[in-house]
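Computed over heavy atoms, backbone and side chain alike; hydrogens, waters and symmetry mates excluded.
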Amino acid sequence: MTSLLMLMRPFVGPLAIAGLFGVLASVTTVALLATTNAMLTGADLKTGTLPVFALLCLLAFGGTALADVVTNSVGQRLVAGLRRSLSEKIGAAPIDTLERYRTHRLMPVLTGDGDAVSDLAFLFAPLAIAGAVIAGCVAYLVWLSPLFALVVCSLLVIGSVAVYAARTHGISGFRLARESEDSLHKFAGR
């Protein structure tokens, strides 16, 4: 964990910028919902609602796209740094340690673990944007109907508990798959 934090330290600035773009996209998405609601409930299109709607669409798309580009760039550099760091540690390890781990234990670390970090980095911006959009939508829903917002939030909690249970079950499957991958590399290395 400490090594990962050290690898991420140079990327705090770009990730903060990606977060700001994500917040911009989230806020404009919620504003788009409010504008759409106003348009559907009979707002006069001559009062400038349509240009505001178009601007909000552009800002939501642009913020999401910029957040994704920055996050993907950081993810690529982070994975490259992680693989470089792992390769250096493997190269500096004593031969007897390497012989004990063999190829079947080292290959998954070099290939699979880097991909897992990459996936996390690539999912950061979309998850942050989605979370902010959900929070904004819930706030807007509370403003529209507090009772309905309570029902929706209750269903969100129930759904979150169900997803957590499924995720916990899924993670145990990933652990078994990782052990199987180690075994596969061990078998292939013979």
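The shortest non-hydrogen separation linking A18 to A67 is O-CB, 3.5 Å. Heavy-atom minimum distance, T64 versus A25: OG1-CB, 3.3 Å. Contact detail for G63 and L24: the closest heavy-atom pair is CA-CD2, 4.4 Å. Here the closest heavy-atom approach between residue T29 and residue A60 is recorded as OG1-CB, 3.8 Å.
The hydrophobic cluster analysis finds I158 isolated: no Ile, Leu, Val, Met, Phe, Trp or Tyr side chain comes under 4.5 Å of it, directly or through other members.
Residues L32 and V52 are members of one and the same hydrophobic cluster, defined by side-chain heavy-atom contacts under 4.5 angstrom among Ile, Leu, Val, Met, Phe, Trp and Tyr.
Between the side chain of S73 and the main chain of V69, no donor-acceptor pair closer than 3.5 Å is present.
In this structure, the separation between OG1 on T71 and CG on L66 is 10.5 Å, given to the nearest 0.5 Å. Put simply, OH on Y164 and CD1 on I171 are 7.5 Å apart, with the number rounded to the nearest 0.5 Å.
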Can you give me every donor-acceptor pair (side chain of residues 128-154, partner residue at least two apart or in another chain, under 3.5 Å) with its distance?
{"from": "Y140", "atom 1": "OH", "to": "N37", "atom 2": "ND2", "distance (Å)": "3.0"}
{"from": "S145", "atom 1": "OG", "to": "F148", "atom 2": "N", "distance (Å)": "3.3"}
{"from": "S154", "atom 1": "OG", "to": "L150", "atom 2": "O", "distance (Å)": "2.9"}

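Inter-residue side-chain proximity for P10 and R77 is flagged as unmet; no heavy-atom pair is nearer than 4.5 Å.
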